[in-house]
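Written out below as structure tokens is the structure these notes cover.
In what follows, every chain begins at residue 1, and chains take the letters A, B, ... in the order their sequences are listed. These numbers come from the heavy atoms of this one structure, side chains and all, not from hydrogens, waters or symmetry mates. In this text the structure is predicted, and so the values were computed from the model without any measurement.
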Amino acid sequence: MKPVLEIRDISKEYKLGEQHARKVDNIRELLQRSVKAPFARLTGRNGDAPKLELRSFWALKNISFDINQGDVIGIIGRNGAGKSTLLKILSRITSPTSGQVIVRGRLASLLEVGTGFHPELTGRENIFLNGAILGMRKVEISRHFDEIVDFAEVEQFLDTPVKHYSSGMYVRLAFAVAAHLNPEILVVDEVLAVGDVAFQKKCLGKMGEVSRGGRTVLFVSHNMAAIENLCSRAVVLHFGELQYDGTSKDAIQYYLNSLSSLSGTGNKVELDGVGVRVSRQGPFLKALEFLTADDEPLIEGLPIGSRLKVKVRFDLPKATTNFHLGLGFNNNYGQRIFTAHTMFEPNRWESECQGQQVVSCDIPSFTLMPGEYSVKIWLEVNSSEADSIEEAAKFRVLESDFYGTGKVPWNGTFVLDHHWHLEAVPDAVYCGKSGG
Amino acid sequence: MSTTFELTIRPRKGWQAVDFKEIYVYHELLAFLIWRDVKIRYRQTLLGGLWAVLQPFIAMLIFAFIFNRLAHVQSDGPPYKLFAFCGLAPWTFFSASVTQSSNSLITNQQLVSKVYFPRIFIPLGAVGALLVDLFLTLGLLSVMMVYYRWHLTTSVFLLPIFIVGAVLAASGTGLLLSALNVSFRDIKYVVPFMVQMGLFVTPVIYPAHYIPQRWQYLMGLNPMAGVVIGFRHALLGTPASWQLMGVSLVVSLFLFVFGLLIFRRMENRFADVI
């Protein structure tokens, strides 16, 4: 039996200019460039404009693997590893730069919940529209209509425009339509990060049902438990390369090991060759250093609520006062939890700087919940991004007795100092004796 | 295993043929997109679908006052108001179609970057939805014809030809501009200007014979000139030069094929660039 998906030597190159089309693809700028460029070359300097040639970036490099009918495959990897690009190629949204894929069977993809939903249309109308967009025929949608409505639990609101839906209802309806697609191959991106836990379970259950029905499923997720439960096999992508292909259990182990080896570099991170770098003007960012209270190096992990100090070493090729640094803290699901930026500093230094600089960001109390966080660092010079690195470093926040009660905080994304008081009620009925 | 369906995904570069089989597979979606645009367009408006006919109707009243009353522009037979409205019907369809479809890929960014279906449906859907408006406008025109006691001639059977001409011209321009708009947002600023100028170089508010003989052929190169003259010929029985209309219709067809080819060629980069 031939595999349902034969992926052969797929590579995908992005021109960095292309991803930021709005900045580059503008006729005026094109004209300006063509006028400026020869002069810049003559005078031997680059002028204020960023470098003129487009930098390229390989999102996928020579990926090959086969998927057999009935396989449920997980695709894991860090942000920027090429997972979504791979799914987009399989769904024909974008075409590969080289290589080919043979698809045997009807393939449907769900890269986003509610693609094509229109807020002005009612739930009923959106079911038909979204179904058609996902590739269902009208008769199929009519046939599954009641099941979809049941699954989404929105009967009462079927004739209300979805703009009045709560976000939970919206997501439920959107997933319900997609879950009733009946493709031979289903491609699902991380769409379950939205919605409440109960609904996530319901969706995972539905996907399990789909796969037991003998259909092939490709599933991207950061949720390792979901991957382990649903998938028999998983592949690990790392910077566009296929690094591991095996049982989901082994793949997850491999992936987790590769993560910890990255964060095991101690409290100093040299920024050459780490993370996903987009250097629009040059690799200016050099190193990060993590410190905690009393400027002690941060080695083990940071107890919740402790001081976090991040020192950034970088170069400024030209003297300027207009430069900014940003630090983004993302959780394990790649969601941004907190952003620190020099723009938010009220007592910002005024001096003009050039050459090597060290700037530190001091967070007196880092109150994110225990877990692993990755740090994005970027540098802006003259109001445009000069250099940036996703996942430049990772560090762990440890459980601690933040509230001083001997209880470890649970549930939520962060802790906040808070206090509870028993208020004196004038006519205290519920507490103590009632009236004299 | 059902190997009824096998597909190979390869790098795509350069000119692409139009995949009619795929268009057939997805044809229901085109209907859905048209239906969506029609539904949404006049949601949460007091007058609803009335806007479709109100726009050309009010434009007709203004033009009748300025050009007929003040500037003494004459029609070539029928009452000026009827004459102007009959020209404005296809022209409003064309100008609104070009405006909407040239922006359609941008306003439907999510569809372009997150799901696959033949992209040409996006600008074509916008044109299709406005075709519905055109038929409403023609309904009002028939009411006006009853009011002015203006009789139809057998030329009315030629009307479908000119409707097809209008659709080809509007879709061709829409496909071309929407594809360019993905990379060059300048299009957004060019279109309103272009549409405004178009009204004056097309014989919408003046009869075609106002243009001197030696410029007539040049006018034929304007795809909408033939359509507007043809609409009047078919509905009001006004004189028309088949030579001019023929050239115009061929230009429409050429524009459509050209727009389609350019769209197919640029389509490949849409998801990466948009």
When you check the gap from the basic side-chain N to the acidic O, do Arg104(A) and Glu6(B) get nearer than 4.0 Å?
yes

Select one option (side chain, backbone, both, neither) describing which atoms of Gln110(B) are under 4.5 Å from chain A's heavy atoms.
both

Interchain contact, Arg106(A) with chain B, by part (heavy-atom threshold 4.5 Å)
backbone

What is the distance from atom CG of Leu111(B) to atom CD of Glu112(A), rounded to the nearest 0.5 Å?
9.5 Å

Please test Ile102(A) against Leu7(B) for side chain to side chain contact (heavy atoms under 4.5 Å, CB included), starting from the C-alpha separation and ending with a verdict.
CA-CA 6 Å; Ile102(A) 299 173; Leu7(B) 170 94; over 6 Å; no

Show me the pairs that pass ring pair (Phe, Tyr, Trp, His ring centres under 6.0 Å) and involve residues 93-135 of chain B, at least two apart or across chains.
Trp91(B)-Phe94(B)

So that I can tick it off, tell me whether Arg41(B) and Glu120(A) are bridged by a salt bridge, with the cut-off set at under 4.0 angstrom between side-chain N and carboxylate O.
no

Under a 4.0 Å N-O cut-off, is there an ion pair linking Lys12(A) with Asp272(B)?
yes

In short, Thr115(A) meets Val115(B) closest at the heavy-atom pair CG2-CG1, 4.0 Å

Among all residues two or more places apart in sequence or in another chain, which pass the ring pair (Phe, Tyr, Trp, His ring centres under 6.0 Å) test with Tyr26(B)?
none

What is the minimum heavy-atom distance between Asn268(B) and Ser95(A), and which atoms define it?
OD1-OG, 2.7 Å

If you count heavy atoms of other groups shown closer than 6.0 angstrom to CZ of Arg137(A), is the number above 12?
no

To the nearest 0.5 Å, atom CG of Leu134(A) lies from atom NZ of Lys114(B) at 13.0 Å

Using non-hydrogen atoms only, which part of Glu125(A) is less than 4.5 Å away from chain B: side chain, backbone, both, or neither?
both

Gap separating the OG1 atom of Thr8(B) from the CZ atom of Arg8(A), nearest 0.5 angstrom:
11.5 Å

Ile9(B) versus Pro96(A): any side-chain heavy-atom pair under 4.5 Å?
yes

When heavy-atom pairs shorter than 4.5 Å are enumerated against chain B, which of Thr97(A), Leu107(A), Leu121(A), Leu90(A) gives the highest number?
Leu121(A)

Going from CZ on Phe32(B) to CD1 on Ile133(A), what distance comes out if it is rounded to the nearest 0.5 angstrom?
9.5 Å

Tightest non-hydrogen contact, residues Gly99(A) and Pro11(B), listed as O-CD, 3.1 Å

Non-hydrogen atoms of Ala271(B) and Thr94(A) that approach each other most closely:
CB-CB, 4.4 Å

So for Lys138(A), is it side chain, backbone, both, or neither that comes closer than 4.5 Å to the heavy atoms of chain B?
both

